[in-house]
Amino acid sequence: MPVKPLSASTLKNLLERIDFAREGEIRSLTPLSPTSIEIRFSVQDIARGYDWIDVVFRIDGIHDAKLVSDNVLRGLDMSEGIKVELTPSGAALAIGSHSGRCDEAPLYILGASIVYEELPFSG
């Protein structure tokens with residue numbers, strides 16, 4: 001499936017469909033360049049009968065981020081899922097329910113834009 005841009009409505013539908021990645025797993029965090037990062041989650045897809053899929057978010061134009069090492073990544077609490085926000089000034093992705101204050105999350109990425117891609121479950 002090709003990379004898709006996110007709008008307010010597609011973002012809302014995606015997050016509801018994957019239940020905000022609650023109890024999901026962070027599979028990888030990959031810097032692509034100094035201003036671009038991909039983060040991959042394994043999540044349950046309500047639209048597919050709760051089958052597991054992977055969702056990759058790519059944030060471009062990064063101006064602030066709090067990242068963690070690989071050994072800490074797997075241990076992050078995903079019980080609250082993720083928060084993804086789109087504003088006229090940019091996009092944010094954070095672990096947990098940090099609405100309006102993503103920069104307080106244990107892991108966050110703030111950038112200019114965000115796109116996503118659905119992939120088969122990486123088990």
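Residue numbers count from 1 along this sequence.
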Decide whether [X] and [Y] are clustered together by the hydrophobic rule: side chain heavy atoms of Ile, Leu, Val, Met, Phe, Trp, Tyr closer than 4.5 Å, transitively.
X: Met78; Y: Trp52; result: no
X: Ile46; Y: Val55; result: no
X: Phe20; Y: Leu86; result: yes
X: Ile114; Y: Ile39; result: yes
X: Val84; Y: Leu67; result: yes

Exercise for the section: Check for a donor-acceptor pair, side chain of Asp19 on one end and backbone N or O of Ala21 on the other, with a separation under 3.5 Å. Expected result: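 Side chain of Asp19 to backbone of Ala21: no pair is present.
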
Practice task
For Thr10 and Ser7, indicate whether the former's side chain and the latter's backbone hold a donor-acceptor pair under 3.5 Å.
Solution key: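 Answer holds: yes.
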
With a 4.5 Å limit on heavy-atom distance, are the side chains of [X] and [Y] in contact?
X: Lys66; Y: Glu104; result: no
X: Val68; Y: Leu76; result: yes
X: Phe57; Y: Val115; result: no
X: Ile59; Y: Thr35; result: no
X: Leu29; Y: Ile109; result: yes
X: Arg22; Y: Ser79; result: no
X: Phe121; Y: Arg27; result: yes
X: Asp45; Y: Asp51; result: no

Nearest 0.5 angstrom please: [X] [atom1] to [Y] [atom2], how far?
X: Glu23; Y: Asp77; atom1: CD; atom2: CG; result: 7.5 Å
X: Ile37; Y: Arg58; atom1: CD1; atom2: CZ; result: 12.0 Å
X: Glu38; Y: Thr30; atom1: CD; atom2: OG1; result: 6.0 Å
X: Asn13; Y: Ile18; atom1: CG; atom2: CD1; result: 11.5 Å
X: Arg48; Y: Ile53; atom1: CZ; atom2: CD1; result: 5.0 Å

Work out which heavy atom in [X] is nearest to a heavy atom in [Y]; give both atom names and the distance.
X: Ser122; Y: Ser42; answer: OG-OG, 3.7 Å
X: Cys102; Y: Leu110; answer: CB-CD2, 4.2 Å
X: Tyr108; Y: Ala94; answer: CB-CB, 4.0 Å
X: Ile95; Y: Ile82; answer: CD1-CG2, 3.9 Å

Handout entry: Working for side chain to side chain contact (heavy atoms under 4.5 Å, CB included), residues Tyr116 and Leu6
Key = CA-CA 7 Å; Tyr116 81 102; Leu6 283 167; 3.4 Å; yes

Exercise for the section: Indicate yes or no: does Arg101 engage Glu85 in a salt bridge with an N to O separation below 4.0 Å. Expected result: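 Salt bridge absent between Arg101 and Glu85.
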
Practice task
Give a yes-or-no answer on whether the side chains of Ser28 and Arg40 include a donor-acceptor pair shorter than 3.5 Å.
Solution key: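 The answer is no; no qualifying pair exists.
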
Practice task
Tell me yes or no: between the side chains of Ser97 and Glu80, is some donor less than 3.5 Å from an acceptor?
Solution key: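 There is such a pair between these side chains.
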
